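Computed from a predicted model, the values in this text were never measured in an experiment.
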Amino acid sequence: MRMSKLFFQTLREVPVDAEIASHQLMLRAGLVLPIAAGIFDYLPLGQRVKAKIEEIMRAEMNAIEGQEVTLPVVHPAELWQQTGRWQAIGDDMARLKDRHNRDYCLAMTHEEIMTDLARAVVSSYRQLPFMLYQIQTKFRDEPRPRGGMIRVREFTMKDAYSFDRDFAGLDAFYPRIYQAYFNIFRRCGLEVIAVESDTGMMGGTMAHEFMALTEVGEDTLLLCDACGYSANRQIAEFRKPQPEAAAPRPREEVHTPAVNTIAALSAFLGIPEAETAKAVFLMAEVQDEESGKPREQFVFAVVRGDMELNETKLTNALKARRLRPATVPEIQAIGAEAGFGSPIGIDRSRVVLVVDDLIAVSPNLVAGANKPDYHFRNVNYGRDYTADIVTDIVAAGEGHACPHCGGALRAVRGVEVGNIFKLGTKYSAAMGATYYDEEGAAKPIVMGSYGIGTGRLIASAIERHHDDMGIQGPITIAPYTVLLVSLATERTPEVTQVADRLYVELTQAGVEVLYDDRNERAGVKFNDADLLGIPIRLTLGAKGLAAGVAEVKLRRNGETGELPLTSLARDVQAMIDAEIDRILVTVTNETLASSDTSETSS
RNA sequence: CGGGGAGUAGCGCAGUCCGGCAGCGCACAGCGUUUGGGACGCUGGGGUCGGAGGUUCAAAUCCUCUCUCCCCGACCA
């Protein structure tokens with residue numbers, strides 16, 4: 001491609017709205033252009049990056065016998081009603097009506113449509129297993145898009161769905177997609193780790209997220225360097241400290257004027273925060289057992305004062321759809337006092353009381369007294385109150401003990417670039433996607449779903465590979481592999497002639513060349529070259545031409561050298577091969593190492 | 001949805017407090033000089049000042065309403 005003909009623009013100045021490096025660079029390099037919050041155009045250079053990644057995805061999906069399909073972006077409401085997600089999902093789903101006033105939604109994901117496809121085609125166990133995938137647009141009306149391409153509303157996702165006869169089949173497939181995902185990310189030059197994750201609205205029995213570690217990540221992960229345990233903070237477990245056994249002492253009221261936080265309480269009484277109990281008031285949206293309709297339920301959660309409530313764990317414990325903080329009037333309505341909340345003396349008929357399992361075994365805690373400016377000393381679970389649910393509802397954090405080996409957990413930030421779910425029969429059972437087994441009995445197909453967001457992958461790769469001057473794209477996903485810079489001037493037309501010839505030679509040799517034939521000064525061309533991050537830069541100027549060489553420079557490390565013009569195409573191809581090999585070699589190592597941590601349910 | 005910031009030329013911004021010709025830099029077009037890390041000179045084009053309403057002789061500027069974008073939080077398949 002001649003750069004003089006390329007539809008692109010580079011920005012000299014850093015866009016003021018962009019905070020993180022990948023966002024700034026994608027805008028400055030002219031890969032994408034925003035048209036609304038979380039909605040972007042892909043320009044030709046960005047499109048080429050996207051296409052490269054998609055080809056890697058196709059190769060890895062095909063390698064595990066995936067078959068590519070394309071399913072619609074506009075879905076009839078009926079299919080989403082069959083699984084209940086039409087009602088269960090809120091404003092994140094964009095809905096529309098057609099001219100006949102029928103309901104439709106924009107695709108957030110494709111479980112329903114894939115399940116519908118499977119039930120239309122599958123009737124016999126002989127047709128199973130199989131895996132289908134697509135690379136298709138999703139729309140999720142995020143409340144707040146952020147971080148450039150990290151959290152957007154419209155995006156392209158490669159989503160794959162597996163269909164098996166039974167859980168054993170799914171369990172056998174799961175490690176294969178797990179490994180294929182590692183291959184995809186590493187081929188894109190992106191290091192990721194897999195962590196256990198919440199199944200969320202997807203449902204199912206097991207899920208992993210693939211996380212690119214970066215400070216700009218939205219998720220907190222907990223890792224154990226000793227044994228390899230890794231989990232999203234949303235579900236991460238940890239070994240809780242054993243409280244010292246002590247005989248329950250008599251409960252006593254203590255005056256604590258204006259002491260309405262744990263920190264203040266700890267300071268006021270001169271006790272560690274670990275000897276206090278913290279009350280958290282929430283309203284949960286749950287399904288009413290009798291009517292089946294959603295209703296709001298007051299939830300009183302108690303955790304130790306030095307720990308944080310984990311709302312995902314609590315949501316799962318309650319089987320709730322969502323939680324929100326309770327308002328002061330709602331808190332008073334159940335007989336509690338904000339800032340001095342206590343599980344003792346509340347209207348239990350209107351409250352679901354959930355207590356962290358550590359609280360249940362910790363003697364003589366300080367808790368609120370449910371009246372302003374008073375707390376209780378020596379509150380003991382069992383003697384003073386009992387809960388509706390006792391389970392783990394606190395968040396793991398930096399330094400907590402690993403649940404497997406007891407080693408210290410480390411907290412890091414990550415971007416979720418992919419996820420895999422064992423769905424089981426949630427969708428097939430709801431939608432009647434069944435097959436007949438050897439005995440002629442109808443059984444629901446066992447499913448899994450597996451997704452990777454392309455834009456987020458690009459942004460994460462750029463977060464990982466850039467410097468002050470621009471992108472240092474891994475050669476496998478760079479828009480072009482070689483940038484040929486001509487430094488011809490009006491006085492050196494012979495440079496143009498030779499550069500033109502080299503461009504043709506390289507292109508005919510199959511090299512993806514971007515040819516900077518623009519009438520710009522050298523500085524402009526070099527700065528654009530660094531910004532775009534084409535991995536191999538060839539520079540031809542009058543001096544080099546006289547010596548019969550072109551300068552070659554690697555973007556990733558700045559190494560320079562000279563290549564004779566007579567064998568340029570061959571030498572460049574060798575460099576490209578070497579650069580690709582660098583990445584592929586890493587793939588092999590990473591894959592072997594990571595497959596050890598793969599887990600399957602049995 | 002809560003808190004904060006911002007909408008003025010393609011991009012980055014000043015002007016708004018204190019109403020009075022809509023400006024600067026980059027980019028763009030023409031001419032000339034330059035030419036290995038974002039050149040220089042001269043000339044030129046480009047604006048419903050986010051939108052609507054109001055106050056005023058006069059509104060980018062004051063008032064009311066509204067839309068949009070960015071950041072933090074809530075949310076996040």
Side-chain angles (χ1 to χ4, degrees), chain A residues 9-20 23-24 27-28 30 33-39 80 83 85 88-93 105-112 138-148 150-153 155 157 159 197-204 207 209 216-219 232 234 282 285 311-312 315 321-325 327 415-416 418-421 423 426-427 449-451 453 456 469-470 485-492 495-496 516 518-531 537 539-545 550-551 553 558 560:
Chain A
Q9 64 170 349
T10 53
L11 306 179
R12 292 189 178 187
E13 285 159 306
V14 177
V16 68
D17 280 346
E19 296 264 322
I20 67 173
H23 189 198
Q24 292 175 357
L27 294 174
R28 285 190 59 210
L33 194 67
I35 69 161
I39 304 179
W80 286 77
T83 61
R85 291 209 291 183
I89 295 173
D91 291 338
D92 277 10
M93 177 184 279
C105 64
L106 297 184
M108 303 178 67
T109 175
H110 281 81
E111 280 76 16
E112 279 78 359
K138 315 289 185 215
F139 187 86
R140 298 177 183 179
D141 196 1
E142 295 287 343
R144 185 157 89 81
R146 73 179 87 191
I150 298 290
R151 177 164 290 274
V152 295
R153 295 195 293 170
F155 58 101
M157 177 182 259
D159 46 328
S197 66
D198 187 43
T199 53
M201 85 169 199
M202 287 299 186
E209 291 168 340
V216 305
E218 298 185 290
D219 291 88
N232 193 307
Q234 291 180 325
L282 298 153
E285 190 177 321
E311 293 196 11
T312 303
T315 302
R321 269 167 54 180
R322 59 179 70 94
L323 294 175
R324 65 169 176 85
T327 62
V415 172
E416 179 189 345
N419 52 31
I420 58 179
F421 295 86
L423 297 175
K426 174 180 171 176
Y427 295 90
S449 96
Y450 319 97
R456 202 178 260 192
M469 296 302 291
V485 178
S486 163
L487 295 182
T489 68
E490 284 178 10
R491 290 200 307 247
T492 57
V495 174
T496 301
D516 194 346
R518 295 176 300 168
N519 181 25
E520 291 285 356
R521 299 173 68 83
V524 172
K525 293 187 176 189
F526 290 146
N527 279 298
D528 276 346
D530 290 344
L531 179 56
R537 189 183 89 189
T539 306
L540 186 69
K543 278 179 276 182
L545 178 56
E551 181 196 86
K553 182 172 180 179
T560 61

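- B/rG73 is paired with B/rC1 under the criterion used here, namely a Watson-Crick or G-U wobble arrangement in which both key atom distances are under 3.5 Å.
- When distances are taken from the side chain of A/Asn527 to each of B/rG36, B/rG37, B/rC13, the shortest belongs to B/rG37.
- Across all strands, A/Gln9 comes closer than 4.0 Å to no nucleic acid atom at all (heavy-atom distances).
- Pair assignment for B/rG44 gives B/rC28, based on Watson-Crick or G-U wobble hydrogen-bonding distances that are each under 3.5 Å.
- Using a 4.0 Å heavy-atom criterion, one finds that A/Asp528 contacts the bases of the nucleic acid, with or without backbone contacts as well.
- Scanning for ring pair (Phe, Tyr, Trp, His ring centres under 6.0 Å) contacts around A/Phe421 gives an empty result, with sequence neighbours left out.
- Note on A/Glu19: only backbone sugar-phosphate atoms sit closer than 4.0 angstrom, heavy atoms only; bases stay farther off.
- Comparing the same atom, C1', in B/rC57 and in B/rC11 gives a spacing of 38 Å after rounding to whole Å.
- Note: CG (A/Leu11) to P (B/rG38) measures 19 Å, nearest angstrom.
- When the nucleotides B/rG37, B/rC71, B/rC75 are ranked by their closest atom to the side chain of A/Pro143, B/rC75 comes out on top.
- Regarding A/Arg321, its CZ atom lies at a distance of 16 Å from the P atom of B/rC75, rounded to whole Å.
- Rounded to whole Å, the separation between the C1' atoms of B/rC62 and B/rC70 comes to 27 Å.
- Distance, A/Phe139 CZ to B/rC76 P: 18 Å, rounded to whole Å.
- Side-chain atoms of A/Arg146 and base atoms of B/rC72 include no donor and acceptor less than 3.5 Å apart.
- Using a 4.0 Å heavy-atom cutoff across all strands shown, A/Phe155 reaches at least one base atom of the nucleic acid.
- Within the nucleic acid shown, A/Met469 comes within 4.0 Å of at least one base atom, counting heavy atoms only.
- Taking A/Thr10 as the reference, A/Phe8, A/Asp528, A/Leu531, A/Leu532 meet the side-chain contact (heavy atoms from CB on, under 4.5 Å) condition, with sequence neighbours excluded.
- Comment: A/Lys525 does not engage A/Glu520 in a salt bridge, judged by the lack of any side-chain N to carboxylate O separation of less than 4.0 angstrom.
- Comparing A/Phe421 and A/Gly38, the nucleotide of RNA chain B nearest to each residue sits closer to the 5' end for A/Gly38.
- Under the side-chain contact (heavy atoms from CB on, under 4.5 Å) criterion, A/Val495 pairs with A/Ser486, A/Ala488, A/Thr492, A/Leu540, A/Ala542, A/Leu545, not counting sequence neighbours.
- In terms of position on RNA chain B, the residue among A/Glu551 and A/Val14 whose nearest nucleotide sits closer to the 5' end is A/Val14.
- With sequence neighbours excluded, the residues satisfying side-chain hydrogen bond (donor to acceptor under 3.5 Å, both in side chains) with A/Glu142 are A/Arg151.
- In this structure, B/rU34 makes no Watson-Crick or G-U wobble pair, since no nucleotide meets both defining distances under 3.5 angstrom.
- For A/Arg324 and A/Glu285, the salt-bridge test fails: no basic side-chain N is under 4.0 Å from an acidic carboxylate O.
- Comparing B/rG36, B/rC13, B/rG37 by their nearest atom to the side chain of A/Val16 picks out B/rC13.
- Rounded to whole Å, the separation between the P atoms of B/rC1 and B/rC26 comes to 43 Å.
- Residues passing the side-chain hydrogen bond (donor to acceptor under 3.5 Å, both in side chains) test with A/Asp141 are A/Arg153, sequence neighbours excluded.
- Nucleotides B/rA9 and B/rA22, compared at atom P, are 15 Å apart to the nearest Å.
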Taking only nitrogen or oxygen atoms into account, show me every contact under 3.5 Å that the protein makes with nucleotides 28-35 of chain B, one pair per line with its distance.
| from | atom 1 | to | atom 2 | distance (Å) |
| --- | --- | --- | --- | --- |
| B/rU34 | O2 | A/Arg521 | NH1 | 2.8 |
| B/rU35 | OP2 | A/Arg491 | NH1 | 3.2 |
| B/rU35 | OP2 | A/Arg491 | NH2 | 3.2 |

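- Comparing the C1' positions of B/rA52 and B/rG7 gives an interatomic distance of 16 Å, to the nearest angstrom.
- Residue side chain A/Arg537 does not reach the base of B/rG36 through any donor-acceptor N/O pair under 3.5 Å, judged by distance alone.
- You'll find that the side chain of A/Lys553 is closest to B/rG37, out of B/rG37, B/rA27, B/rC76.
- Here the P atom of nucleotide B/rC70 and the CD1 atom of A/Ile150 are 14 Å apart, to the nearest Å.
- For A/Ala18, the side-chain contact (heavy atoms from CB on, under 4.5 Å) partners two or more places apart in sequence, or in a different chain, are A/Pro15, A/His23, A/Gln24, A/Leu27.
- Taking the P atoms as reference points, B/rA27 lies 46 Å from B/rU56, given to the whole Å.
- A/Glu209 comes within 4.0 angstrom of no nucleic acid atom, judged by non-hydrogen atoms across all strands.
- In this structure, OG1 on A/Thr560 lies 9.0 Å from CZ on A/Arg537, to the nearest 0.5 angstrom.
- The side-chain contact (heavy atoms from CB on, under 4.5 Å) search around A/Asp159 returns A/His110, A/Gln134, A/Lys138, A/Met157, A/Tyr161, not counting sequence neighbours.
- Using a 4.0 Å heavy-atom cutoff across all strands shown, A/Gly147 reaches sugar-phosphate atoms only and no base atom.
- Using Watson-Crick or G-U wobble geometry with both donor-acceptor distances under 3.5 Å, B/rA6 finds its partner in B/rU68.
- Contact annotation for A/Arg322: no contact, since no heavy-atom pair falls under 4.0 Å across all strands.
- Counting non-hydrogen atoms under 4.0 angstrom, A/Asp92 reaches nothing in the nucleic acid.
- Put simply, CD on A/Glu13 is 12 Å from C1' on B/rC24, counting in whole angstrom units.
- The phosphate of B/rC75 (OP1 or OP2) has no side-chain N or O of A/Arg324 nearer than 4.0 angstrom.
- The phosphate of B/rC69 has neither OP1 nor OP2 within less than 4.0 Å of any side-chain N or O from A/Arg144.
- Using a cutoff of 4.0 Å between basic side-chain nitrogens and carboxylate oxygens, A/Arg85 and A/Glu111 are scored as salt-bridged.
- Nucleotides B/rG19 and B/rG25, compared at atom C1', are 27 Å apart to the nearest Å.
- Here the P atom of nucleotide B/rG73 and the CD atom of A/Glu142 are 15 Å apart, to the nearest Å.
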Review item, nucleotides 3-9 of chain B N/O atoms under 3.5 Å of protein N/O:
none

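- Atom P of B/rA59 sits at a distance of 40 Å from the matching atom of B/rC40, rounded to the whole Å.
- For A/Asp91 and B/rC1, the CG to C1' distance is 11 Å, given to the nearest whole Å.
- In this entry B/rU56 has no Watson-Crick or G-U wobble partner, no candidate having both defining distances under 3.5 Å.
- The two residues A/Met93 and A/Trp80 have their closest heavy-atom pair at CE-CE3, 3.3 Å.
- Taken to the nearest 0.5 Å, the OG1 atom of A/Thr489 stands 11.0 Å off from the CZ atom of A/Arg521.
- Atom C1' of nucleotide B/rA74 and atom CZ of A/Arg151 are separated by 13 Å, given to the nearest angstrom.
- Closest to the side chain of A/Arg12, from the set B/rG37, B/rC76, B/rA27, is B/rA27.
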